[in-house]
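Down below is the structure, laid out as structure tokens.
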Amino acid sequence: MIITDVSVRTFLTKTRRHADSAGHAHPGPEHQVPLSILTVRSEDGHEGHCFSPPEIVRPHLIEKFVKKVLIGEDARDRERLWHDLAHWQRGSAAQLTDRTLAIVDCALWDLAGRTLNQPVHKLIGAYRDKVRAYGSIMCGDEIQGGLATPADYGRFAEKLVARGYKGIKLHTWMPPVSWAPDVKMDIKACAAVREAVGPDIHLMIDAFHWYSRVDALELGRGLEKLGFDWIEEPMDEQSISSYAWLAENLDIPVVGPESAAGKFWNRAEWIKQGACDILRTGVHDVGGITPALKTMRLSEAFGMDCEVHGNGAPNLVVTATSKNCRWYERGLLHPFLEYDDGFDYLKSLSDPMDEDGYVHVPDRPGLGEDIDFDFIENNRVA
Ligand SMILES: O=C(O)[C@H](O)[C@@H](O)[C@@H](O)C(=O)NO
Ligand SMILES: [Mg+2]
């Protein structure tokens, strides 16, 4: 299965999601945004694909690094190809990031599945074919009737439970919201959700990511009284010792790291230093499915759960092939958006959820994405 080509197509897709000045998503008017699809092609004509923001697969990265590593190599040698690409990172002047490694690794897994006509989670070795989802609510906002008040969160949580979710994670208010961050408002939003959904729904928080130790401690202690399952990323994850201190001082489980660099190597240090009670990984955070599986197995060896960051087919594959994670993160969700409407470039959802709150892993070959290639061609811009 020799790789003969790596290519990128860019097209326009419609969305109502808008990023604020801190990069957090919020609803807004429909607009078109560019999206790319990276394709790895092998000599027998099979192709593997992965969607990506255009900047993550820009020509400089594809020509200077990705093609040099992949072209002429056996597409089945994913472990070696991942290391070969990762070794280019040090000399890339910080241009070759884990995000690009992730796109390439996912396309190679998709290629393997499409070539063998098998879903990737079955190739890796499935643990399950459906995964319980939590509804991951967008960061708070100042939109009338949106997520502007604790009561807004409570009302939306009721709707999510009615949809079938058995778990809900709040992303609370963060800058550029004018008065955020505010620990006491975070706790009020969490209390409103607990009041709205009752004691049996699992609740978690993903808070402002730069609280001090003292603020994070106050928030954690408030959540302990509300029976929350975990507290996530309340402080800068570059300070492992701050998280070790927080985990030592809280009863509520501390989850991390999500955004800290260092792939599975750094996550080993978090475990060693007692900086988390539940580990966190994510295909796009650690450089692909291949390294994400390593973080799952690493945490399993320590008797720890590892929760996966983010939605989408690759992250669903990682949850479906691991015993030691409890949830699929479905979102991000907002009262003004209909997540189940999916995307115009996919013929069906990659993460369909039933009324009991379970996401069923598609039985389609590869990553399982039902790609509308005609739509992509008809809306191509590069
Ligand atoms: O900071 C954000 O925008 C959200 O936290 C986002 O990254 C979300 O995907 C997340 O962290 N989920 O756990
Ligand atoms: Mg998070």
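Whatever order the structure lists them in is the order used to number ligands and atoms, beginning at 1.
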Considering residues, nucleotides and ligands other than Gln95, do more than 12 of their heavy atoms fall under 6.0 Å from its CD?
yes
min-distance N/O/S atom, Glu232 vs the Mg ion (ligand 2), resolves to OE2
Atom of Glu258 nearest the Mg ion (ligand 2) (restricted to N/O/S, atom name only)
OE1
Taking [X] for its side chain and [Y] for its backbone only, find out whether a donor-acceptor pair lies under 3.5 Å.
| X | Y | answer |
| --- | --- | --- |
| Asp105 | Thr290 | yes |
| Trp82 | Gly287 | yes |
| Asn311 | Arg330 | no |

Close-range residues for ligand 1, whose non-hydrogen atoms fall below the 4.0 Å threshold:
His24, Lys169, His171, Asp206, His209, Glu232, Glu258, Arg280, His309, Glu329
NE2-CZ distance between His360 and Arg128, expressed to the nearest 0.5 angstrom:
13.0 Å
Below 2.8 Å, can you find an N, O or S atom of Asp206 next to the Mg ion (ligand 2)?
yes
Does the ring centre of Phe264 sit less than 6.0 Å away from the ring centre of Trp270?
no
What residues form a side chain to side chain contact (heavy atoms under 4.5 Å, CB included) with Glu338, not counting sequence neighbours?
Asp340, Asp341
